[in-house]
Amino acid sequence: MLTVLVVALLVCSASAQENVATYPLLAPGYTSIKIFDSHRRFVGRLLPEKRYWATIDRIPVFLQNAVVAIEDARFYEHGGIDLRGIARALVKDVVKGRMAEGGSTITQQLIKNRYLSGVKTIERKFEEARMAMDFEEKYSKKQILEMYFNEIYYGNGAWGIVQAARLYFDKNPEELTDAECALLAGVQKNPARYNPFGKSAPVTGRRDMVLKRMVEWKMITSRQKQKLRLQRVTFTPRGQAPQYMAYIRGKLIERYGADIVEQGGLEVTAAMDLNLQKVAEKALQDGVKRISPQLQGALVCLDAATGDVLAAVGGVDTTKSSYNRAFSARRQPGSAIKPLIYAAALEKGFTAGSIMNDTPVSYDRGNNEIWKPQNYGREQYGDLSLRQALAYSNNVITIKLLEAIGVPYFVDFAGKLGLPLRAENGLSLALGTNEVTLNDLVLAYTPLATGGLRPAERAILRIYDRHRRTWTENPSAVTPVLSPATAYVTTQMLKDVLRYGTAKNLKKFSQVHPSAGKTGTTDDYRDAWFVGYTPQIITGVWVGYDKPKPGGKGFTGGAVAAPIWERFMRTAVASKPVVDFTRPDTVVSVSIDPVTGCLATPDCPEKRDEFYISGTEPTEYCPTHGGIPVVPITPPSLNSDGQQSDPGADARPQGGNE
């Protein structure tokens, strides 16, 4: 009989609970997902996005008493409205000449939060009072209190006691201490002012008011009040690097499924270096804002060997926008795509010393459309080596080079580097007309820094499951995609970009820290890029407007993005040994005349040592200064109008400049 009675009571209790809970019940033993950087420094937590319901037995009695004391001392006596409280509030309203004091009971506050607007009118107050009395008829005091705790706002996006306990103290409600409860009990009056993350003076002042009321209503003694006032409360720090954290959230969902954040229980060691992350955020914000407060930007830094994402910033103000431009925004890279074309050409037998001419050529695009690409500033240099053409970001020669190696070949080559491109863009690919993300472009550069090895991007190093007490390692994965010789020669060419080319403002940096890179500027100065690397670290920067528009003359990768890159990289490389790129045995160096690209003779007025993939080095001596004349390369055939055709190019180029 006793057993039947207990079961019946439990069923009734469960039924009553089911009637008031409007969200899933909080599972016991939940712990949030904690993120640490690669040095085990705390970064932040991944909290559930869903709301959960705490039954009254999981809400500390001290918290219940504290809220009643400060919000509605006669809660257990009235039937939904407190006439004495209303009278007191009316007097204050008359004195102040406005509706400043509500006189609302806990039940009325619940009604207002659930069903009514926040507009203070007499009509709304009457409706609130009527509904409160009806509520008291329908629900018990404990049920009303339970609903109240699960519905009220605690500031900083935390709705209900479950989210508040997690956000501020990383606990479930039943784990809260009395001192923590005293703080939370004071929040409801003004969540923006009195939440635990607020300024210390008003927060502790409100807490003291809660404790004072509890003493007055004989819920605690004066001695207990003093003890609680002196008790130190530790808040869980606010999360840092929110966009990087959001990226980790996505990676966890990919691995474990959509419910993993709701399940919790993990400790994640990220590839992030928290100190570098902070430097990246400041460098990007300062560098972008000095140009225009409306501009946006992104920065990605990888460990070249492992693919570890050391720092990633997806916007200038990470607290105001969750949009991650580092991983999600697709923009035209402009001339930042050119190093990949030159690397592809080296694999096809071209060399850094190969000579090409930048006389503009017209291309018949069909439908009576003629495309005649020009260099940045419409200047012409005449004959240039590929080394010089890349350093100066020569558009015309790059287009001719892409035509020579073939668009399909280059698209396939870029795909192996991890950069998906569309062959339909045709020769305009040489100007960076195919949109890419900053992250994908940086990854495509990594084989140039590592001797041809492309690491898989890695944001998570290892994961500890607190429930199963097991570690899961996430080892780096590296794929050879480029010959070491091609990577090395391309890098030597890109060093000149920093010495005398479009990023010559980085010359001093490159003299101290061997480095290579490439600027990118799109048509009408809409996007500014710089991707650069040392043997250990590769970093990319993008700057532009979310809604693309011209940044004005001078808005170039060299002037805008490169200085941000340098400011960040000075810190990034400071603790690393100064090393140069390793030259493979398959690369030879010979002295050439840079004007002809042939082996230098004693009479050549200018000589330079050039690097070649073994077997592609010149064998003829300079014909201009004592060598045997060399037969010039036959130019591509022209159509009947004296124009070259652009094979398979349907996309209208918008153009890369710098």
Side-chain angles (χ1 to χ4, degrees), residues 8-26 50-61 63-94 98-154 158-164 173 184-191 210 213 217 219:
L9 288 172
L10 288 173
V11 170
C12 292
S13 175
S15 175
Q17 179 61 50
E18 185 178 352
N19 290 335
V20 298
T22 54
Y23 303 103
L25 294 180
L26 175 65
K50 297 178 183 178
R51 289 177 64 176
Y52 292 90
W53 192 273
T55 54
I56 194 67
D57 59 302
R58 298 188 67 178
I59 301 171
V61 173
L63 180 58
Q64 297 178 42
N65 290 338
V67 167
V68 168
I70 194 66
E71 293 292 330
D72 185 5
R74 283 177 284 275
F75 172 68
Y76 291 105
E77 301 170 13
H78 61 65
I81 60 173
D82 183 0
L83 295 177
R84 278 186 285 177
I86 293 174
R88 183 182 66 251
L90 285 173
V91 171
K92 291 186 177 181
D93 290 344
V94 170
R98 58 187 175 87
M99 293 194 68
E101 186 78 12
S104 295
T105 64
I106 283 176
T107 312
Q108 286 175 280
Q109 291 180 45
L110 175 60
I111 293 294
K112 181 180 69 175
N113 285 338
R114 267 198 172 185
Y115 306 112
L116 303 176
S117 71
V119 180
K120 292 182 178 181
T121 64
I122 293 293
E123 291 78 12
R124 196 218 73 190
K125 293 296 293 183
F126 275 120
E127 179 66 9
E128 180 185 292
R130 183 191 65 78
M131 294 178 69
M133 289 187 290
D134 289 345
F135 229 64
E136 293 269 354
E137 290 288 327
K138 186 175 182 180
Y139 300 106
S140 70
K141 290 291 186 178
K142 285 296 183 183
Q143 287 177 315
I144 292 172
L145 205 55
E146 179 178 312
M147 288 186 277
Y148 178 83
F149 277 111
N150 284 283
E151 295 286 355
I152 59 173
Y153 184 57
Y154 283 92
W159 286 92
I161 188 60
V162 173
Q163 289 190 346
L184 290 178
V187 173
Q188 293 92 316
K189 183 178 178 65
N190 188 336
V210 170
R213 290 285 178 84
W217 289 95
M219 295 174 175

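Position 1 is the first residue of the sequence, and the numbers go up from there. What you are looking at is a predicted structure, and each value in this text was computed from that prediction instead of being measured.
Between Asn65 and Val61, the closest side-chain pair of non-hydrogen atoms falls below 4.5 Å. Here the side chains of Tyr148 and Gln188 are in contact, with some heavy-atom distance below 4.5 Å. Residues Leu63 and Ile161 are in side-chain contact: their nearest non-hydrogen atoms beyond the backbone lie under 4.5 Å apart. By the 4.5 Å heavy-atom criterion applied to side chains, Thr22 and Trp53 are counted as neighbours. For the pair Trp217/Val68, no side-chain contact is recorded, criterion being any heavy-atom separation below 4.5 Å from C-beta on.
Taking Asn113 as the reference, Ile152 meet the side chain to side chain contact (heavy atoms under 4.5 Å, CB included) condition, with sequence neighbours excluded. Taking Phe75 as the reference, nothing meets the ring pair (Phe, Tyr, Trp, His ring centres under 6.0 Å) condition, with sequence neighbours excluded. Residues passing the salt bridge (Lys or Arg N to Asp or Glu O under 4.0 Å) test with Arg51, sequence neighbours excluded: Glu151. Among residues two or more places apart in sequence or in another chain, the ring pair (Phe, Tyr, Trp, His ring centres under 6.0 Å) test is passed with Trp159 by Tyr153. Partners of Glu71 under the salt bridge (Lys or Arg N to Asp or Glu O under 4.0 Å) rule, at least two apart in sequence or in another chain, are Arg206. Under the side chain to side chain donor-acceptor pair (under 3.5 Å) criterion, Arg213 pairs with no residue, sequence neighbours left out. With sequence neighbours left out, the side chain to side chain donor-acceptor pair (under 3.5 Å) criterion links Asp134 to Arg130. In terms of the ring pair (Phe, Tyr, Trp, His ring centres under 6.0 Å) criterion, residue partners of Phe135 (sequence neighbours excluded) are, by chain and number, Tyr139. For Lys142, the salt bridge (Lys or Arg N to Asp or Glu O under 4.0 Å) test picks out no residue, with sequence neighbours left out. Among residues two or more places apart in sequence or in another chain, the side chain to side chain donor-acceptor pair (under 3.5 Å) test is passed with Asp72 by His78.
Across every non-hydrogen atom of Ala73 and Ala69, the tightest pair is CB-O, 4.3 Å. The minimum heavy-atom distance linking Ala66 with Val210 is given by the pair CB-CG1, 3.8 Å. Of all heavy-atom pairs spanning Ala132 and Gly80, the tightest one is CB-O, 3.6 Å. The shortest heavy-atom contact between Arg114 and Val20 is NH2-O, 3.7 Å.
With rounding to the nearest 0.5 angstrom, the CE atom of Met131 is 6.0 Å from the OH atom of Tyr115. Rounded to the nearest 0.5 angstrom, Glu146 CD and Ile59 CD1 are separated by 6.0 Å. The distance from the CG atom of Asp82 to the CD1 atom of Ile106 is 11.0 Å, given to the nearest 0.5 Å. From Met133, atom CE reaches atom OG1 of Thr105 across 10.0 Å, with rounding to the nearest 0.5 Å. Ile81 CD1 to Gln108 CD: the interatomic distance, rounded to the nearest 0.5 Å, is 6.5 Å. Atom CD of residue Glu136 and atom CD1 of residue Ile144 lie 4.0 Å apart, to the nearest 0.5 angstrom.
A donor-acceptor pair is defined here as one N or O able to donate and one able to accept, closer than 3.5 Å; such a pair exists between the side chain of Gln143 and the backbone of Ser140.
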- Going through the checks in order, is the side-chain contact (heavy atoms from CB on, under 4.5 Å) test met by Phe149 and Val162? CA-CA 9 Å; Phe149 277 111; Val162 173; over 6 Å; no
- Show your working on side-chain contact (heavy atoms from CB on, under 4.5 Å) between Arg74 and Tyr76 and close with a plain yes or no. CA-CA 6 Å; Arg74 283 177 284 275; Tyr76 291 105; over 6 Å; no
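Of the residues listed (Gln109, Glu128, Lys112), the one engaging Ser104 in a side-chain hydrogen bond (donor to acceptor under 3.5 Å, both in side chains) is Glu128, and it is the only one.
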